[in-house]
Amino acid sequence: MFTLTERVTISAATTDTFATIDLGSYVDVGDRQALQVHSVDFIFQGTTADERVPISLGANGMVQCQVTDLNRGGLVFCDDRALVASAALDYLGNGGLNMETDMYPDNYGKGSDDGRYVVNDQLYLTARSSILDSNKSVNVTVRVNASIVSLTAKDFMAIAIQSTAADN
């Protein structure tokens, strides 16, 4: 198992911010290799690494982040087949932080058969903050714990077809 990491910096409120994780070195159609995602962790930070998120938000607000295996161009509903993982962090004005609307990290298990298989060449990150204080930003780091697996031709085709069907 290994970890892929990418950070999204949200610098404008109510605007989707995007990043990608390139999987081209891990997914190989000819050899039927896929990426098996075991878990996805989300780390929320303020403008700097040592700044707390409430300082960046400045008021009641929510930060959302999603990882998909298709480029949806924005946040998606949780029943979207392309959704790999998601997180939401609420800040309440009394200083409380809450994640009850979307529990994370997303864990699929660490067994050889546990996980979410990805056969596309990228993972897409979308993040949004409902509010930001003046000259502030919110950083969301996504840590994907994964392994490379070889699938049977039948399993690889089934996942590829399902992924393509999810695009429609």
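Under the 4.5 Å side-chain criterion, counting only non-hydrogen atoms from C-beta, Asp69 is in contact with Leu123. In this structure, the side chains of Tyr91 and Val53 stay at 4.5 Å or more apart for every pair of heavy atoms. Annotation: side chain of Thr126 is in contact with side chain of Leu75 (closest heavy-atom distance under 4.5 Å). Asp31 has its side chain out of reach of Ser150: every pair of non-hydrogen atoms, C-beta onward, lies at least 4.5 Å apart. With a 4.5 Å cut-off on side-chain heavy atoms, Leu57 and Val63 count as touching.
Distance check, rounded to the nearest 0.5 Å: CD1 of Ile159 to CG of Leu151 gives 5.0 Å. Separation of atoms CE (Met1) and CD1 (Ile148) is listed at 13.0 Å; rounding is to 0.5 Å. Going from atom CD1 of Ile10 over to atom OG1 of Thr47 covers 11.0 Å, rounded to the nearest 0.5 Å. With rounding to the nearest 0.5 Å, the separation of OG1 in Thr48 from CD1 in Ile55 is 10.0 Å. Note that the CG atom of Asn71 and the OG1 atom of Thr20 stand 9.0 Å from one another [nearest 0.5 Å]. Summarising the geometry, atom NE2 belonging to His38 is positioned 10.0 Å from atom OG1 belonging to Thr3; distances are rounded to the nearest 0.5 Å.
Distance alone, capped at 3.5 Å, is enough to place a donor-acceptor pair between the Thr15 side chain and the Ala13 backbone. When atom types are taken as modelled, the side chain of Asn120 and the backbone of Gln122 share no donor-acceptor pair closer than 3.5 angstrom. One N or O on the side chain of Asp22 and one on the backbone of Gly24 form a donor-acceptor pair closer than 3.5 Å.
Taken together through direct or relayed side-chain contacts under 4.5 Å among Ile, Leu, Val, Met, Phe, Trp and Tyr, Leu83 and Val118 form parts of separate hydrophobic clusters. The hydrophobic cluster containing Val37 does not contain Tyr124, counting ILVMFWY residues as joined when their side-chain heavy atoms lie under 4.5 angstrom apart, directly or transitively. Val76 and Ile21 end up in different hydrophobic clusters when Ile, Leu, Val, Met, Phe, Trp and Tyr side chains are linked at under 4.5 Å. Hydrophobic clustering (ILVMFWY, side-chain heavy atoms < 4.5 Å, transitive): Val140 and Ile131 are in one cluster.
Centroid-to-centroid, the aromatic rings of Tyr26 and Phe2 come within less than 6.0 Å.
Results of the side-chain hydrogen bond (donor to acceptor under 3.5 Å, both in side chains) test with Asp16 over Arg72, Gln66, Gln64, Arg128 single out Arg128 as the only residue that passes.
Of all heavy-atom pairs spanning Ala19 and Glu6, the tightest one is CB-CG, 4.0 Å. Minimum heavy-atom separation, Val27 to Val119: CG1-O, 3.1 Å. Closest heavy-atom contact between Phe44 and Ala87: CZ-CB, 4.0 Å. For the pair Arg81 and Arg116, the tightest heavy-atom approach, listed with the atom from each and the gap, is O-NH2, 2.7 Å. Heavy atoms only, all atoms of each residue included: Tyr117 and Gln36 are closest at OH-NE2, 3.4 Å. Scanning all heavy atoms of the two residues, the minimum distance from Val142 to Cys65 falls at CG2-SG, 3.9 Å.
The stretch residues 133-144 participates, sequence neighbours left out, in these side-chain hydrogen bond (donor to acceptor under 3.5 Å, both in side chains) pairs: Thr9-Asn139, Glu51-Lys136.
Residues passing the salt bridge (Lys or Arg N to Asp or Glu O under 4.0 Å) test with Arg32, sequence neighbours excluded: none. Not a single salt bridge (Lys or Arg N to Asp or Glu O under 4.0 Å) links Asp155 to another residue, sequence neighbours left out.
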Task: Residues Val67, Phe42; criterion side chain to side chain contact (heavy atoms under 4.5 Å, CB included); working and verdict - done: CA-CA 10 Å; Val67 178; Phe42 297 88; 4.1 Å; yes

- [ ] Tell me, with the steps shown, if Leu4 and Leu35 meet side chain to side chain contact (heavy atoms under 4.5 Å, CB included).
- [x] CA-CA 11 Å; Leu4 302 170; Leu35 186 77; 4.2 Å; yes

